[in-house]
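First the structure, in the form of structure tokens, and then the observations on it.
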Amino acid sequence: MSTFRAPKGTFDLIPPDSAAFLRVREVMAQTVRLAGYQYVETPAFEDTTLFKRGVGESTDIVNKEMYTFTTQGGDSVTLRPEGTASVLRAVLQANLEKAGQLPVKLYYSGSYYRYERPQKGRYRHFSQVGAEALGAQDPQLDAELIILAVDAYRALGLKNVRLLLNTLGDATCRPVYRAALQDYLRALDLDEATRARIELNPLRVLDDKRAEVQAQLTDAPRIVDYLCEDCKAYHDEVRGLLTAAGVAFTDDPKLVRGLDYYTRTTFEFVHDGLGSQSAVGGGGRYDGLSELLGGPSLPSVGWALGVDRTVLAMEAEGVLERDVPRVDVFAVPLNDEARTLFFGVITELRRRGVSADTVFGGRGLKGAMKAADRSGARYALVAGERDLAENVVQLKDLASGEQSPVAVDQIIPTIKEKLS
Ligand code: HAM
């Protein structure tokens, strides 16, 4: 056995579980494709400054969790810790915002990297499916994205995903709230690191998990009481649209996201079966990010769903399908003549869209039948000398055990019909 191991905080996706991951990604992607979101793919690494500026210098992600290295050419690059900054960079680079109708609706699916302390549900290499709608400020767009995420979780069979909703105000009202919050926090009994955070990013203090800190925050000023008229009306409309769509949510005035770019609508999807890493997805509006990256005004909204945690949530709810069949048909030849025949048959089946496999490397009958069972196939094709002398093969239903002869020239149509 090799002594090499996957790096700490990472894991390999291998069968049979890999099929479930693939399906989760596909269901999420299919859900947003239904709303016209198109696929975008950006490099796994970017100029370090993009994330520093985009995600925010005061965030844990930028301060503690980035995989940053200097290339042979002397450039500082960082493995992407999230997708939004990269997608916006790509849109601006290609001038997509000028090319057609706004919003530009994009989705992505891929690997992200954060140097976090590994634990269940928190990995250094993880997988997200994300969707971003760039270039429109419209409560319907915020609601659309939230509803799509809810629909994706539902399509995966999840029943216990909860939606937490908040707004963070905008450039008009947030500074007023921030100052009021800072005044309140400065008067509390807090450790040095938290005091420093009050000056840098006071909203993050609201997110402190420690009970002794939370106990002091019960009377902290709430953003809802500081919203300007526009932000308040916008938020009320988002809430109304969600309610009309039958989407339940909890207003969470303390919901603070771990990225600095958010304005107005912010939300998180949580699942109570996961322990401390309960967020299965999150997102919000980021109306000022484009300007921060040197682009034009491009108010936008988006989310990213965590694939790994969604799989854990499905496991917790008992809706994760594990034994996904590898193929529909498995051929078991009992002699060389049958091997030759079946090789042609499975080739033709695949060309007609039927998944099929056989044994390789000259295994005996027992090993071949075991392989057929393991493949999860619905049907096995079995043939030996006696069958071929009569120009038939045996078609075996692997669930019922029933077996019947089929004429060699009828194999393909018979299987097609049985599977349809
Ligand atoms: P985020 O909340 O940092 O948002 O990540 C979204 C989801 O990715 C989380 O809810 C979680 O399920 C998953 N995730 C994050 N870190 C890890 C980890 N270390 N291990 C496993 N899963 C993890 C964003 O990334 C924003 N870019 C979302 C967004 C898009 N906002 C606007 N547009």
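Just follow the structure's listing: the first ligand is 1, and inside any ligand the first atom is 1.
- Of all the heavy atoms of Arg257, the ones lying under 4.0 Å from any atom of ligand 1 belong exclusively to the side chain.
- Ionic pairing of Asp397 and Arg378 is not present here: no N-O contact between side-chain nitrogen and carboxylate oxygen is shorter than 4.0 angstrom.
- Contacts between Val301 and ligand 1 below 4.0 angstrom, taking non-hydrogen atoms only, are absent altogether.
- Counted by atom type alone, Tyr234 and Asp142 present one or more donor-acceptor pairs between their side chains at under 3.5 Å.
- Arg239 places a side-chain heavy atom less than 4.5 Å from the side chain of Phe249.
- Here ring-ring contact (aromatic ring centres under 6.0 Å, His included) pairs that include residues 125-178, with residues two or more places apart or in two chains, are Tyr113-His125, Tyr153-Phe269, Tyr177-Tyr226.
- Ligand 1 has no atom lying under 4.0 Å from any heavy atom of Phe269.
- Of the heavy atoms in Gln128, only side-chain atoms (C-beta onward) come closer than 4.0 Å to ligand 1.
- Not a single heavy atom of Gly258 sits less than 4.0 Å from an atom of ligand 1.
- Closest heavy-atom approach to atom 27 (N) of ligand 1 among the candidates His125, His271, Arg122, Glu82: Glu82.
- Closest approach of Arg25 to Leu13, counting heavy atoms only: NH2-CD1, 3.7 Å.
- In this structure, Tyr112 falls outside the shell of residues with a heavy atom less than 4.0 angstrom from ligand 1.
- Proximity of Gln277 to ligand 1 is not established, as no heavy-atom distance is less than 4.0 Å.
- Checked against a 6.0 Å centroid threshold, the rings of Tyr39 and Tyr107 count as neighbours.
- Put simply, no part of Gly130 is less than 4.0 Å from ligand 1, judged by heavy atoms.
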